[in-house]
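We count ligands from 1, going down the list as the structure has it; atoms in each ligand are counted the same way. All values derive from a computational prediction rather than experimental measurement.
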Amino acid sequence: MRAALYPGSFDPITYGHLDIVRRARKVFDKLTIAVVENPRKEALFSPEERRGLVEQALQEEGIGDVPVITYSGLLIECAKRLGVVAIVRGLRATSDFDYEFQMALTNRDLDSDIETVFFMTAGRFSFLSSSIVKEVKRYGGDVSKFVPRCVERALEEKFNTKGSGLYF
Ligand code: ADP
């Protein structure tokens with residue numbers, strides 16, 4: 001059985017992440033999502049909140065059989081413990097490439113048996129990031145095209161923004 005691990009901050013999960021999940025599931029027999037800490041980013045949601053939102057989003061989108069875990073520590077150790085053959089990452093534009101290339105080569109140095117596999121996102125998601133979604137929602141914008149309903153609701157609660165944000 002060919003199992004893979006899809007790690008990320010998922011702060012919060014977007015349709016872009018879900019697109020990668022769908023693509024990876026076609027290629028691997030089993031896919032596990034790991035919500036991990038990224039020391040380069042300050043998170044809006046706690047790891048447990050993020051995991052809960054990933055689970056709800058998968059359910060809302062009708063994607064079953066994808067376990068979601070939280071993990072803090074070295075990613076490659078998580079991959080080894082799960083016995084996966086690959087780490088899945090998503091590529092949007094060339095801007096992702098440098099960082100992803102560096103991560104993939106580092107992880108290969110740490111364990112040469114585990115490959116990093118990149119899936120190219122659908123064109124309509126190539127500009128989409130969790131940061132953009134948070135920025136739009138913070139000011140009361142409509143993010144329904146970018147994230148499932150459960151995520152939109154969670155963002156509304158965090159930012160307390162339901163209206164248009166037009167205050168004078
Ligand atoms: P990280 O902090 O580990 O980069 P993210 O949650 O931002 O975590 O992203 C996790 C993975 O999903 C990364 O490989 C990222 O490139 C990919 N990803 C994020 N947004 C999209 C998107 N819109 N389309 C495709 N892949 C994406």
Side-chain angles (χ1 to χ4, degrees), residues 3-28 31-58 60-61 63 66-80 82 84-108 110-111 114-138 141-152 154-155 158:
L5 178 67
Y6 181 23
S9 311
F10 303 106
D11 185 46
I13 187 161
T14 68
Y15 283 139
H17 293 122
L18 289 161
D19 181 61
I20 300 299
V21 170
R22 286 200 178 87
R23 291 175 198 284
R25 279 186 84 224
K26 285 195 232 156
V27 174
F28 296 101
L31 184 70
T32 300
I33 295 180
V35 175
V36 293
E37 285 304 316
N38 184 340
R40 294 159 34 124
K41 298 176 182 170
E42 201 184 317
L44 175 67
F45 293 98
S46 73
E48 272 313 311
E49 286 175 320
R50 285 182 266 154
R51 185 171 69 90
L53 286 176
V54 173
E55 281 173 347
Q56 286 175 53
L58 291 170
E60 207 177 305
E61 289 296 299
I63 304 172
V66 178
V68 188
I69 60 169
T70 54
Y71 189 80
S72 61
L74 207 52
L75 178 63
I76 205 78
E77 290 305 323
C78 176
K80 271 196 248 183
L82 291 175
V84 300
V85 296
I87 291 170
V88 164
R89 297 286 288 177
L91 282 182
R92 282 161 290 188
T94 48
S95 52
D96 279 334
F97 187 77
D98 275 355
Y99 174 63
E100 294 293 343
F101 190 56
Q102 200 180 356
M103 285 281 293
L105 290 190
T106 306
N107 283 331
R108 184 186 284 164
L110 296 172
D111 190 323
I114 299 177
E115 290 294 336
T116 301
V117 177
F118 295 99
F119 288 88
M120 213 74 91
T121 189
R124 65 187 184 283
F125 300 133
S126 61
F127 65 95
L128 180 55
S129 68
S130 302
S131 315
I132 286 289
V133 168
K134 284 181 279 191
E135 215 168 302
V136 172
K137 197 66 203 174
R138 188 183 292 275
D142 178 10
V143 293
S144 58
K145 281 202 189 93
F146 310 139
V147 294
R149 191 70 198 101
C150 58
V151 173
E152 203 181 345
L155 285 165
K158 274 276 177 217

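For Glu152, the side-chain contact (heavy atoms from CB on, under 4.5 Å) partners are Lys137, Asp142, Val143, Ser144, Val147, Arg149, Glu156, not counting sequence neighbours. In this view, Tyr6 and Phe10 satisfy the ring-ring contact (aromatic ring centres under 6.0 Å, His included) rule, not counting sequence neighbours.
The protein residues lying under 4.0 angstrom from ligand 1, judged by non-hydrogen atoms, are Tyr6, Pro7, Gly8, Ser9, Phe10, Gly16, His17, Ile20, Asn38, Lys41, Arg89, Gly90, Arg92, Asp96, Glu100, Thr121, Phe125, Leu128.
Using a 4.5 Å cut-off on side-chain heavy atoms (C-beta onward), Val84 and Phe28 make no contact.
Asp11 places a side-chain N or O within donor-acceptor distance of the main-chain N or O of Leu44, the cut-off being under 3.5 Å. Checked by atom type and distance alone, the side chain of Ser130 pairs as donor or acceptor with a backbone atom of Pro12 at under 3.5 Å.
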Would you be so kind as to tabulate the donor-acceptor pairs closer than 3.5 Å made by side chains of residues 116-125, with sequence neighbours excluded?
{"residue": "Thr121", "atom": "OG1", "partner": "Asp19", "partner atom": "OD2", "Å": "3.4"}

